[in-house]
Amino acid sequence: MIRLLLNSKHKLLIIDTLFSGQTFTWKYFSDSTDFSARIIDNNPVFVSSLSDTEIEVVCEDSRIAGMLPQEFFRDYFSMDLDGRAAFPENFRLKYPDLWNTLEGYFPVRVLKQDPFETMVTFMCAQGIGMRIIRNQVSMLAEHYGTRFDVTFRDIPVTLHNFPSPQALASADAVKLSRCTNNNRIRARNIISASKAVCEGKIDFGSLRDKSLPLEQVRRKLCELDGIGYKIADCIALFGLGRFDAFPVDTHVKQFMSQWFGSSTASLPLTPANYLKIVAGAHQILVPELAGYAGHILFHCWRKEVKKLRSY
DNA sequence: CCCCAGGCTTTTC
DNA sequence: GAAAAGCATGGG
């Protein structure tokens, strides 16, 4: 058992962007008895916060994804990155009101999560609400993942890891569709994408190469059925650590129009308009961290403007 | 029955 | 080529 303390110079707010269900959603821990858990690289991981700037991580193995836990989790939680760094100097002068509203959202982390898990979960996120997406991902884990029964602080906890590419590649489309909101097309796309990963047609290791232009990463991922610009950019941002990737979904489209006066963002989200909105975002934000900024703006928009209760 | 939800694919001009 | 329509499903 390994216990780590990770501290940051700035406040932390950790939200699971992969919709991994209530039982293993990272939360903003209000008190020290509260904790969250999930499986990372076949390793039960427990997280709790000790203060606004310090979190405790407990895991079993001395290595996670080939790295020392200390290194892995600092990277996983982007501990050394300040959300403010994603906004250029003149941003607070140009958008003073928005800057004030954003204050509570700079601590939001972009987690560097598993690319396969990221791919499948965002394939489950087409044109449906957060609640249903979470249900799908939880069901995928429960039906196709491995079960872990563990205890933490004397509390029994049951967890499921996210299914492997092999597990989903060999799934039956009709059965799998129970876990994809009864959408068989989505189930079929997930199976074929999983096969592509198994066969090495999609190699996340090589897509991780930072010298690879984002357009090339996007093009490769878009070869898969069911993946367009938005999902490709989500995989790049959340799964490949490409913080320059700026996924434009219905919410991002809305705040790009409302907050930044993007005329393109008020038009239908065609591929051409998508690229224009991304280009606009790179003008307003720090380009190499545009996606990171987008994530902060996204959560602020949903909570402060749309008044949605959950993250 | 309407609209919306962390879009993508096919058809049509 | 790019714009418009079609698709799929559950929830409010």
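Only heavy atoms go into these numbers, but all of them, side chains included; no hydrogens, no water, no symmetry mates. Nothing here was measured: the structure is a model prediction, and the numbers come from that model. The sequence lines fix the lettering, A, B, ..., with proteins before strands; numbering per chain opens at 1.
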Open item on the list: Between R38(A) and E117(A), does any NZ, NE, NH1 or NH2 come within less than 4.0 Å of an OD or OE carboxylate oxygen?
Closed with: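 Salt bridge present between E117(A) and R38(A).
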Open item on the list: Under a 4.0 Å threshold between the charged nitrogen and the carboxylate oxygen, would E56(A) count as salt-bridged to R153(A)?
Closed with: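 Result for this pair is yes, salt bridge flagged.
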Task: Aromatic ring pairing F73(A)/F77(A), orientation class (parallel under 30°, perpendicular over 60°, tilted between) - done: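 Correct class here is parallel.
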Grab the [atom1]-[atom2] distance between [X] and [N] for me, whole Å please.
{"X": "L224(A)", "N": "dT9(B)", "atom1": "CG", "atom2": "C1'", "value": "15 Å"}
{"X": "K276(A)", "N": "dA3(C)", "atom1": "NZ", "atom2": "P", "value": "7 Å"}
{"X": "I277(A)", "N": "dG7(B)", "atom1": "CD1", "atom2": "P", "value": "13 Å"}
{"X": "I231(A)", "N": "dA5(B)", "atom1": "CD1", "atom2": "P", "value": "16 Å"}
{"X": "L297(A)", "N": "dG6(B)", "atom1": "CG", "atom2": "P", "value": "17 Å"}
{"X": "I235(A)", "N": "dG6(B)", "atom1": "CD1", "atom2": "C1'", "value": "13 Å"}
{"X": "N189(A)", "N": "dG7(B)", "atom1": "CG", "atom2": "C1'", "value": "12 Å"}

Task: Candidates T118(A), V137(A), D114(A) - the one meeting side-chain contact (heavy atoms from CB on, under 4.5 Å) with F162(A) - done: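 Considering T118(A), V137(A), D114(A), a side-chain contact (heavy atoms from CB on, under 4.5 Å) with F162(A) is found only for V137(A).
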- [ ] Could you tell me whether Q254(A) contacts a base, only the sugar-phosphate backbone, or nothing, with contacts defined as non-hydrogen atoms closer than 4.0 Å?
- [x]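 Sugar-phosphate contact only.
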TODO: Indicate, with a heavy-atom threshold strictly under 4.0 Å, whether K253(A) touches base, sugar-phosphate, or nothing.
DONE: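 Counting heavy atoms under 4.0 Å across all strands, no contact is made by K253(A).
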TODO: Would you check if there is a donor-acceptor pair between the side chains of Q166(A) and S170(A) at a distance under 3.5 Å?
DONE: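 Absent: no donor and acceptor within the cut-off.
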Could you list the donor-acceptor pairs under 3.5 angstrom formed by side chains in residues 226-238 of chain A, with sequence neighbours left out?
from    : atom 1 : to      : atom 2 : distance (Å)
D233(A) : OD1    : R218(A) : NE     : 3.2
D233(A) : OD2    : R218(A) : NH2    : 3.2
D233(A) : OD2    : Y274(A) : OH     : 2.6

Open item on the list: Counting only heavy atoms and a strict 4.0 angstrom limit, can you tell me which residues of residues 264-275 of chain A come near DNA chain B?
Closed with: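 When residues 264-275 of chain A is checked for heavy atoms under 4.0 Å from DNA chain B, there are no hits whatsoever.
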- [ ] Kindly write out the residues that satisfy side-chain hydrogen bond (donor to acceptor under 3.5 Å, both in side chains) with D244(A), not counting sequence neighbours, or none if the list is empty.
- [x]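 In terms of side-chain hydrogen bond (donor to acceptor under 3.5 Å, both in side chains), with neighbours along the sequence ignored, D244(A) is linked to R242(A).
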Task: Contacts of R84(A) that satisfy side-chain hydrogen bond (donor to acceptor under 3.5 Å, both in side chains) - sequence neighbours left out - done: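 side-chain hydrogen bond (donor to acceptor under 3.5 Å, both in side chains) list for R84(A), sorted by chain: E103(A).
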Open item on the list: Strictly under 4.0 angstrom, non-hydrogen atoms only: write out the protein contact profile of nucleotides 6-12 of chain C, one letter per nucleotide from the 5' end, B, S or -.
Closed with: --SBS--
TODO: Please tell me which of P247(A) and C222(A) maps to the more 5' nucleotide of DNA chain B, matching each residue to the nucleotide holding its nearest heavy atom.
DONE: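 It is P247(A), whose closest nucleotide lies nearer the 5' terminus.
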Task: Closest listed nucleotide, where the reference is the side chain of D225(A) and the choices are dT9(B), dA5(B), dC8(B) - done: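 Within the option list, the nearest is dT9(B).
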Task: E223(A): partners by side chain to side chain contact (heavy atoms under 4.5 Å, CB included), with sequence neighbours left out - done: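 Checked E223(A) against side chain to side chain contact (heavy atoms under 4.5 Å, CB included); matches are K220(A).
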